[in-house]
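Each remark here refers to the structure printed beneath this line.
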Amino acid sequence: MTKFSDLKLDPKVLSAVAEAGYETPTPIQADAIPPALEGKDVLGIAQTGTGKTASFTLPMLTLLRRGRARARMPRSLVLCPTRELAAQVAENFDLYAKNTKLTRALLIGGVSFGEQDKLIDKGVDVLIATPGRLLDHFERGKLILTDVKIMVVDEADRMLDMGFIPDIERIFQLTPFTRQTLFFSATMAPEIERITNTFLHAPVRVEVARQATTGANITQKLIEVTPARRDQTAKTKREVLRAVIEGEGEACTNAIIFCNRKVDVDIVSKSLQKYGFDAAPIHGDLDQSQRTRTLESFREGTLKFLIASDVAARGLDVPAVSHVFNYDLPMHAEDYVHRIGRTGRAGRKGAAISIYVPADEKFLSGIESLIEQPIPRGELPEGFEISEGAKTAPVKRDDAKGGRGGRGGRSRSGSSSNGERPSRSRKPREDKPQPEAVETKAPEAAKAPSQKVDTPEEQQPERKSERTPERQAPEQRPAAAAPARHDANESDESRNRRARGGRGRRDRDNGPNVVGMGDHVPDFLTRSFRPGLIDSDEAMSETEDSAES
DNA sequence: AAAAAAC
């Protein structure tokens with residue numbers, strides 16, 4: 001069997017590989033490294049998790065050992081679709097270059113130019129970049145690409161998905177025709193084919209068998225959920241998520257929870273935090289520094305639950321994730337494979353549990369036909385019912401918590417988006433028998449305290465002095481205690497809701513009184529609800545709105 | 001139909 005030592009790598013590079021504990025190359029490494037070392041173009045068709053990064057890093061370093069970088073003229077270029085992937089490649093580079101004097105710069109967005117400029121000016125051997133920032137540097141005249149000897153395109157199909165192909169073509173054209181190109185893609189879409197035909201010269205095609213789409217060591221499960229009412233879908237899914245996580249118990253050492261939308265990443269993350277889970281969000285709208293920090297702590301194991309958009313679906317190397325949860329089924333079947341591929345890596349066991357609602361039917365059938373098998377249906381842990389079980393909320397209710405539960409159930413009705421007043425002025429439950437509506441609300445409120453009701457309070461002690469959280473259902477607290485970023489979401493949502501129907505409805509209900517209501521509103525609010533922060537904030541803004549209209 | 005990436 002081939003060893004790294006058989007591969008004609010530079011001794012300094014080889015020693016770093018050995019020091020990192022690697023002896024035997026993966027198939028793609030064994031196949032791609034030799035032609036790359038010969039200076040040939042390589043077209044690698046491989047998924048992430050196959051050892052792709054080293055398959056271009058090691059030959060690059062070896063080839064670059066001859067020669068030196070000149071100011072502003074990098075000698076090689078690695079392009080990645082996301083900042084995190086670029087950072088990861090940079091880490092790999094550091095690892096394997098540590099015994100050499102080769103230098104690199106990481107050019108990604110979201111961070112200041114200063115440091116990057118400095119490195120470029122000094123001259124680096126390798127630029128690792130996302131396309132936008134690279135072109136930005138170029139357009140500012142900071143960067144000369146005519147000395148690029150080796151160019152790597154990583155995750156080309158994802159670049160395609162993300163609309164980067166024009167940028168990639170442009171960058172290709174800025175580099176010398178004589179460069180060596182190493183090009184990696186998980187699939188060969190027609191557009192990818194076209195690019196490779198245009199920019200690669202007689203490439204050696206290296207293909208690793210498609211990852212068993214669903215690694216045998218990954219246990220998959222699908223939890224079917226039918227929410228009681230469509231407008232409760234999100235809340236129900238959060239309940240189910242918590243139940244499923246808790247159902248996994250100790251087996252779940254850490255997990256990535258995927259959502260399709262950034263806003264849901266924030267909401268789910270915040271919701272889990274509120275229930276005492278060690279959770280943090282990651283998606284493209286967050287500060288790069290926060291993204292980096294969050295990912296770092298997740299890797300270190302100090303963060304247990306990473307709530308993620310598909311920014312984290314592919315390529316992120318987090319060695320030991322015990323679980324992947326799909327809060328949303330991905331819309332693209334491919335992404336399902338990528339997402340669950342975050343667990344069960346390196347031969348470890350993994351579990352992938354997905355939440356399914358009827359609206360996901362299209363996505364599910366796409367996934368199941370891609371992986372050529374049905375995802376085994378699972379059940380919710382004890383206390384929950386599924387399938388027809390319109391409400392997945394537990395039917396049982398802990399009497400000891402009765403008072404709190406009842407109260408929580410009531411105040412929760414509109415708490416999640418500050419929609420108290422609109423929903424309150426709505427004709428009560430005209431579409432539902434009242435008892436049922438009550439029943440769907442009370443159980444969660446009752447269940448929540450039985451879980452970790454005290455934890456959120458411990459986590460947010462600074463709020464205690466301002467309000468009386470112990471009298472409020474957990475679901476209600478965070479809106480006030482939430483970080484500013486999320487508050488913005490919440491208030492947007494509530495603003496929209498008011499704009500759409502809340503106020504209109506109330507106008508109908510209350511007639512002209514509404515307009516002149518400003519001074520009276522606080523009174524009715526204080527009588528009907530706890531005068532918490534949420535309510536008074538809401539009262540303020542709505543009062544102002546009303547006064548203007 | 002959504003996310004990601006430049007400022």
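Side chains are part of it too, since the values below use all heavy atoms of this structure and drop only hydrogens, waters and symmetry mates. Every chain is numbered from 1 and lettered A, B, ... according to where its sequence line falls, protein lines coming before strand lines.
For the pair A:Arg83 and B:dA6, the criterion of a side-chain N or O lying under 4.0 Å from OP1 or OP2 is met. Close to B:dA4, at under 4.0 Å from its OP1 or OP2, lies a side-chain N or O of A:Ser309. OP1 or OP2 of B:dA6 lies within a sub-4.0 Å distance of a side-chain N or O belonging to A:Thr130.
For the residue pair A:Asp310/A:His338, the side-chain donor-acceptor check at 3.5 Å is not satisfied.
Comparing B:dA5, B:dA6, B:dA3 against the side chain of A:Glu139 picks out B:dA6 as the nearest. For A:Arg261, the side-chain atoms get nearest to B:dA3 when compared with the rest of B:dA5, B:dA1, B:dA3. The side chain of A:Lys262 has B:dA4 as its nearest neighbour among B:dA4, B:dA2, B:dA6.
Among the heavy atoms of the strands, none lies under 4.0 Å from A:Gly163. Heavy atoms of A:Asp136 sit under 4.0 angstrom from at least one base atom. Nucleic acid contact for A:Phe113: sugar-phosphate only, since backbone atoms but no base atoms lie under 4.0 Å from a heavy atom of the residue. Across all strands, A:Pro330 comes closer than 4.0 Å to no nucleic acid atom at all (heavy-atom distances). Heavy atoms of A:Arg291 sit under 4.0 angstrom from primed sugar atoms or phosphate atoms, though from no base atom. Within 4.0 Å (heavy atoms only), A:Asp161 reaches at least one base atom of the nucleic acid.
A straight line from CZ of A:Phe258 to P of B:dA2 spans 19 Å, rounded to a whole angstrom. To the nearest angstrom, C1' of B:dA2 lies 8 Å from NE2 of A:His332. The nearest whole Å value for the distance from the CG atom in A:Asp117 to the C1' atom in B:dA6 is 14 Å. Rounded to whole Å, the distance from CG on A:Asp154 to P on B:dA4 is 18 Å. Between the CG atom of A:Leu143 and the C1' atom of B:dA6 there is a distance of 14 Å, given to the nearest Å. In this structure, A:Arg339 atom CZ and B:dA2 atom P are separated by 14 Å, rounded to whole Å. In this entry the distance linking CG of A:Leu286 with P of B:dA4 reads 9 Å, nearest Å. Atom C1' of nucleotide B:dA4 and atom CD of A:Glu84 are separated by 10 Å, given to the nearest angstrom.
In this structure, A:Phe113 and A:His137 have perpendicular ring planes: the angle between them is above 60°, well past the 30° mark. A tilted orientation is assigned to the rings of A:Phe184 and A:Phe56, their planes being inclined by 30° to 60°.
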Could you tabulate the donor-acceptor pairs under 3.5 Å formed by side-chain atoms of residues 356-366 of chain A, not counting sequence neighbours?
from     : atom 1 : to       : atom 2 : distance (Å)
A:Asp360 : OD2    : A:Val357 : N      : 3.1
A:Ser365 : OG     : A:Glu361 : O      : 3.4
A:Ser365 : OG     : A:Lys362 : O      : 3.0

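Aromatic pair A:His323/A:Phe325: ring centres closer than 6.0 Å.
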